[in-house]
Every structure is written in C-alpha cells, then in structure tokens.
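Report on the structure given below.
Chain A is the first sequence line, chain B the second, and so forth, proteins listed ahead of strands; every chain is numbered from 1.
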Amino acid sequence: MDTKSETQSLQERLEELRRELNYHNYRYHVLDDPVISDYEYDRMMAELREIEAQHPEWITPDSPTQRTGGQPASRFQKVRHPHAILSLANAFDADGVRAWFERIRRVDDRVEHTDYVVEPKIDGLTVVLHYQNGVFVQGATRGDGVIGEDITANLRTVKAVPLRIPADGKGTPPGYLVVRGEVYMTIENFEALNKRLMEAGEKTYLNPRNTAAGSLRQLDPTITASRPLDLFVYSIVAADVEVPDTQWERLAYLRKLGFPTPPAELCPDLEKAITTCNIWAEKRNEIPFEADGIVIKVNDMRLQADLGVVGKDPRGAIAYKFPAQEVTTQLLDIRVNVGRTGVLTPYAVLEPVEIGGVIVKQATLHNFDYIKGKDIRVGDRVMVKRAGDVIPYVIGPIEGARTGEEQVYTPPQVCPACATPVQNIPGEVYWYCVNAACPAQLVRNLEHFVSRGAMDIVGLGIRIVEQLVAEGMVHDVADLYYLKREDLLSLEGFAEKKADNILQSIENSRSRPLERVITALGIMGVGEVTASDLARHFPDLDALAAATSEQLQSIDGIGPNIAEAIVDWFQNPRNRQLLEKLKAAGVWPRAQNNDRKPVGDSLAGMTFVVTGTLPTFSREEAKAFIQAHGGKVTDSVSKKTSYLVRGENPGSKLQKAQDLGVPVLDEAGLRALAEGKR
DNA sequence: GATCCTCGAGTTCG
DNA sequence: CTCGAGGATC
C-alpha cells in the first residue's frame, strides 16, 4: 500500500470532519436548528479525536476538538460562567468504558478502588443556575462552556427551578451557590404539546430535546411559561460553603436544598457500573424522559478533580452512549404499496442507516396526508426513529438542511401495480385501487388467506404466492385447493419434497374452524375478533351470506358500516363464485359447539394487555390462558384495562400503564391471580 | 356531539 | 408499533 497517499486521504478526512463539525456546531448552538442527530455528531467527533490522537502534529487551535460549542446567539445577554462548564468524553460500548478506566488508572492508582455514581444522560438543555443567599438570581445556558446566554426570565417560569433554597425554608442557605442541571421535557408532555401545536396548525417539534431547547430560548418568557418543562440538577459548579466530597452525597445535598435530582445509583466498582448501565439501556423505554446515554462518574470528587481535564473533557467521568434510536438520513424516493384491500400505502426509500443495531432502508409513511402534513419531500434529510424496538418511521423533515433541490411529492393518479385510476372516499384519508382483479391485491389477499391467524397454511410464503400468481396458476384464494402436484413441480425452485409439503399444508387447512375461514375471506373491517363474533352467531357461511344488515348490527361490535361491508361482500358475484369453489373443495366448516369449558372464572370481568416476552407463555398461550379463566385480552392500554402483564423488553405500553395507574403483573402474578391467590 | 375504546390494516429487519 | 376509523358510551 502506498502510505503517502494513505496519509493524504486521512488528512482529507480530518479536514472534512472539521468542516462538518464546525458547521453542525453552528447549527446546534447558534441557530438552535441542528440538521444531524447528536449521535452522529458524537460519532464524527470521536472519529476526529481518533485521527488527532494518531497525529497530534495535526491538531490546530481551531479544531472542533479544542472547544466545546459555538458562538452564542446575540439576542440574549452573554454570561460568563464561574468555571468552564465541561462536556464529557463518550464511550459507545462496554469496552470503551473499560478503556477509559485503563486510561485514568494510569493517571492515578486510587482509581483502582474507587466507586462510581451512575446517572442517566438526559437529552435536554444544560443550564447553570446562580443562587445568592438562597435566592435564584440568574440562570444561563451552557453556550460554548465558557460564555452562555442569560435566560433568567425564562428559567423563572420553569416550576421545577426553586426560586429560593432551601425550598422548605429550614436551615441557612449558602451565601453563594452555582449549580448545573438539565432542563428537559418528559415524553408524555412532549407528545401532548405537539398534539396541541398540530391542532393549532403550528409547526411541531421533532423530539423532546429540540422542544426543551426551543422553549427555553424564546424571547418572550410567557411562551416558555406555557411549556411543560422539567429540571434535574446534578452538579455543583461553585459554592462559598463546604459541600460534600462525593458525588453521591452531593446529590443528596442538592435534594435537601430543594433541587430535583436525576435517578442515580451508587456502584462499588466499574463492572457493577457497566452492568447497571446495561440494565438501564434495556429499560430505556420505561423512563418517562429521553436519555441518550448514561454518565458514569468517579464518586470521589477530590479524585475527580485530581484526574484533571483532557481538552474540554474531565477525565473523572464518561458518557456511555446508547445506540441511536433516532438518526437522520436522506429520503431517496417515495414509493407506493398496494394492500389487500386496495389501500395505497406510501413508503420511504432511505439512504441505508443504522438505527439501534440494524440497517434501515425503508420506512412506512402511513398515508398521503401524513406526507403532506409533515411536508416531507423527496431528497429531504429526515429524522427517522424506530418505534419501540421495531418499526422505523419518518418523524419529519429537517427543513434547515434543505438545498432547494427537494421535490414536493405528488401521489400517483393510478395504481402502481395495475394502472387503474385511484379512488378516494371524500373525507377519508386513504386512497384505493378499486380494480378487483389487481394482481398486487391478489398477492396480498393470498398472503392474508394463508397467514397464521387465518387458514394457517405453513410453508406457503409470499415468494411462492407471487410465483403462483405470476404463472397464472391461481386467480383467487380458492384456486389453492385445486393446485396439482405437476403445477408446483413446474415452478422454479421446486423439488418433490417441497411440493408435497405444501400440498399437505393446503390439505390440512381444509379443516379450519368457521371463524378462521371468515377471517381468511378478508372482508373489509372483519378481522379475527369480528370473525369469531360472527362464527358464534351463524352456523355456516350460507347462513352468514343470508344475513341482513339489521341482523348483523344486532351483534355487539358491528355497526352499520361493517354490516354493510359484509352484506356487500356476499352479494358480489365474484365472491359467490369463490364460495362455491371453496364448498366444492370441501372447505366448508360448520360452527363448532363452543362449549369448551372455561377452566375458571377467576379473571371474569377483567381486561388484560400483554407486553414484552413472557418467560413460559407465548403471546397466544397467554391470551388463551386469560380467556380460559374468563378474562378479556385487548391490544391497547386504556383506563379500562385491569392489569398489564409485562414480560422481558416491554414496549411503550408499560409507560402508558404507569401513566394511567394501571397495575402491572408479571407472568407469575398472572398465574397467581388466575388461581385466586393473592 | 364529543370522547374513549377497540379493531383492523400495513409494516421492518434478520 | 402506528395510524385511521368504526362503534360504544356518556
């Protein structure tokens, strides 16, 4: 390898990183309108540090590593902090934390036996609060760490900021005290605020951090006052009295003065601290505010001070960053899927990007109104988030990053699969392809028909379904029962074993109970729950086909719309033909005597929601267990939910349950409840 | 008529 | 998990 050109390209990368970082710094600190996520910024900074560590001769005073922030905006008065408000070095995994430990151990061997305080790194806006004789006299933003902005008037409106300490009036206040904290917004308050802003037709915020920063930097304090902001205080910047000499005791001291402090844990050694971090990382979705990582601090403040500072990062603490759940990327294209009901669903094609450990290339955009409402354009830099742990979605465009090249999206006039003009029911959000013979719809229909909750034909996945449709072997779902062995063998990738397995699966599905078959038909608005209600009221499909709208509406949960959809479905000649074919194929279940005895009624009258993975039950088993004991299972937590059953890695439902005060059980608790024990 | 609850439909990656 | 919409309830 040519080392000369390698050095050259490394130097180019260095320049590029500096340029980028300077620009993003300016966007973040001066314009208050960042165009990349903090995580990406941290990553770039880490890369730059890495290069500079290898080539210390390249470090220049204007390198972004040599300072911590940009120039403060001019509209607020500038404030010089009594001491530099430092930032933190980052680690991105447990080994990064251990490497930090090794570094500081070499500096001072007392590190060997120190303990640590672990606190969440809250995603908000850092503030510095000044108290004179117990009275709040000034508050400032962090700014570049040396000079911040005076936002006293705004901070006074934040209820969590004590205007007088000690807040309980007991004891003497220090003559002079400066503390550091983080102003943030809880996820719940953020969502409520965004909803309000949206309803008022105003611009919404992308995330809680953005909102907290934007709210605090309002020139009009009455706007700040209307924003539900919160505060955590976690460090003492300056004081004219003796303060405790460990971080752990300082937190207690701050609490005693009346400051809200973050949840924290005292860990006897580093491995314990790392374990604690990992536990918190897993519980990340349960905390009511957004955190982008966890801070590990050497508990002994004297040792912290002695360890000193590298650049602008104190050695005595490190931020263990979570993998990003929210990142920005380029929206390359918007394409459209056709669902089995003919609904057109737009999705975003993204510049591949890593979110929470997986590479995301696509994200749903829900519907065309969503694109329009958020003003998402092709070519935009967008903020993408993985909801809970799984499905990525586009939160919105970063308008500040626009170049003018972005294209406003126009929904298609015709179905992307069959070119039939699209239709929309006025007042409704969705657009439909109304072609009953649309091949895309047929594929989706078959997919639904063979799916687990319907006919459960195992081994018949989307790929094979697509093949069957493409070869013209299947024109409706009933054709599956008329497939010949030779047909399957003629398909690409089919050998005898595979063909026989699939034929056997299809054969097995002939005996599915009535409710499954009703689900499989794919009547609009009729899913598993409604299908099973219907199966309880009608002995077979002929009886259901003969039902009038009035009869159907007498069933709980079925109103005029769904009743009409059912009647319409059975009147459609195509569907009548389909039913004949099913009947001839022997797929004609009769309602079973639904007198499987409930094991008990100990859970009667109670509604349950399950979240996360349970130790021994699968989701389906848990559901069956609850139902067998007379309980009801629904999907969403509401005030009517009696208990939330939580497993490993719970989703946002747990948060909601806690907000609503719904009691939470684990699997053992559920079993105990079912058995009537307390 | 408004609000809450429940259901259905579409969806990502490995 | 998210959203929209239908249905139930006050």
Side-chain angles (χ1 to χ4, degrees), chain A residues 191 195 198-199 285 325 329 335-350 352-371 373-374 384-396 424-433 440-441 443-445 447-448 451 453-454 461-462 518-534 552-566 607-612 619 632-642 649-656 660 662:
Chain A
E191 282 168 358
K195 200 175 156 195
M198 191 150 77
E199 278 160 8
N285 291 328
Q325 283 190 328
T329 189
R335 294 188 201 154
V336 177
N337 271 330
V338 186
R340 70 176 164 83
T341 55
V343 182
L344 301 181
T345 313
Y347 64 96
V349 179
L350 304 167
V353 67
E354 183 178 333
I355 317 178
V358 302
I359 308 287
V360 172
K361 304 183 200 75
Q362 286 187 12
T364 178
L365 290 167
H366 304 301
N367 58 61
F368 298 115
D369 277 12
Y370 187 84
I371 299 174
K374 300 232 166 185
V384 183
K385 184 178 178 170
R386 288 220 301 162
D389 297 326
V390 265
I391 293 154
Y393 69 104
V394 175
I395 308 175
N424 159 266
I425 300 163
E428 255 195 35
V429 168
Y430 295 114
W431 287 77
Y432 293 90
C433 164
Q441 279 184 60
V443 169
R444 293 309 185 93
N445 238 319
E447 225 183 314
H448 171 72
S451 68
I462 178 153
I518 297 175
T519 306
L521 296 177
I523 303 167
M524 218 188 281
V526 179
E528 273 174 66
V529 175
T530 312
S532 119
D533 287 343
L534 289 170
L552 291 166
Q553 284 183 58
S554 71
I555 299 172
D556 225 23
I558 296 179
N561 289 301
I562 293 178
E564 203 190 326
I566 296 169
T607 309
F608 294 80
V609 176
V610 185
T611 183
R619 225 20 120 69
K632 234 179 94 179
V633 181
T634 63
D635 269 335
S636 48
V637 179
S638 69
K639 275 187 292 188
K640 287 190 181 171
T641 309
S642 320
N649 296 321
S652 64
K653 288 174 196 164
L654 182 63
Q655 184 60 50
K656 197 158 176 203
L660 293 172
V662 170

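Atoms CD1 (A:I558) and C1' (C:dA5) sit 16 Å apart, rounded to a whole Å. As rounded to whole Å, 6 Å separates atom C1' of C:dG6 from atom CG of A:N561. Here B:dT12 presents its P atom at 12 Å from CZ of A:R335, a figure rounded to the nearest Å. In this entry the distance linking CD of A:E354 with C1' of B:dC13 reads 13 Å, nearest Å.
A:Q553 CD: more than 12 foreign heavy atoms inside a 6.0 Å radius.
Across all strands, A:L350 comes closer than 4.0 Å to no nucleic acid atom at all (heavy-atom distances).
The side chain of A:D556 has C:dA8 as its nearest neighbour among B:dG10, C:dA8, B:dT11. In this structure, of C:dG7, C:dC3, B:dT11, it is B:dT11 that holds the atom nearest to the side chain of A:T364. When the nucleotides C:dT2, C:dG4, B:dT11 are ranked by their closest atom to the side chain of A:V429, C:dG4 comes out on top. Which of B:dG10, C:dA5, B:dC13 sits closest to the side chain of A:T341 comes down to B:dG10. With distances taken from any side-chain atom of A:K361 to the nucleotides C:dT2, B:dC7, B:dC13, the minimum falls on B:dC13. For A:I359, whose side chain is taken as the heavy atoms from C-beta onward, the closest listed nucleotide among C:dC3, B:dG14, B:dT12 is B:dG14. Closest to the side chain of A:N367, from the set C:dA8, C:dC3, B:dG8, is C:dC3. If you check B:dT12, B:dG10, C:dG7 against the side chain of A:T345, the one that comes closest is B:dG10. Here B:dC13 is the nucleotide among C:dA5, B:dC7, B:dC13 with the atom lying nearest to any side-chain atom of A:Q362. Which of C:dG6, B:dT12, B:dG10 sits closest to the side chain of A:I562 comes down to C:dG6.
No donor-acceptor distance shorter than 3.5 angstrom exists from the side chain of A:N367 to the backbone of A:P346, with no hydrogens or angles considered. A donor-acceptor contact shorter than 3.5 Å is absent between the side chain of A:T607 and the backbone of A:S642.
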Legend entry - side-chain contact (heavy atoms from CB on, under 4.5 Å) between A:Y370 and A:V429, worked out: CA-CA 9 Å; A:Y370 187 84; A:V429 168; over 6 Å; no

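Once rounded to the nearest 0.5 Å, the distance linking OG1 of A:T530 with CD1 of A:I518 reads 10.5 Å.
Proximity of A:R340 to the phosphate of B:dA9: a side-chain N or O atom is located under 4.0 Å from OP1 or OP2.
Projected onto DNA chain B by closest heavy-atom contact, A:A363 and A:G527 fall at different nucleotides, the more 5' of which corresponds to A:G527.
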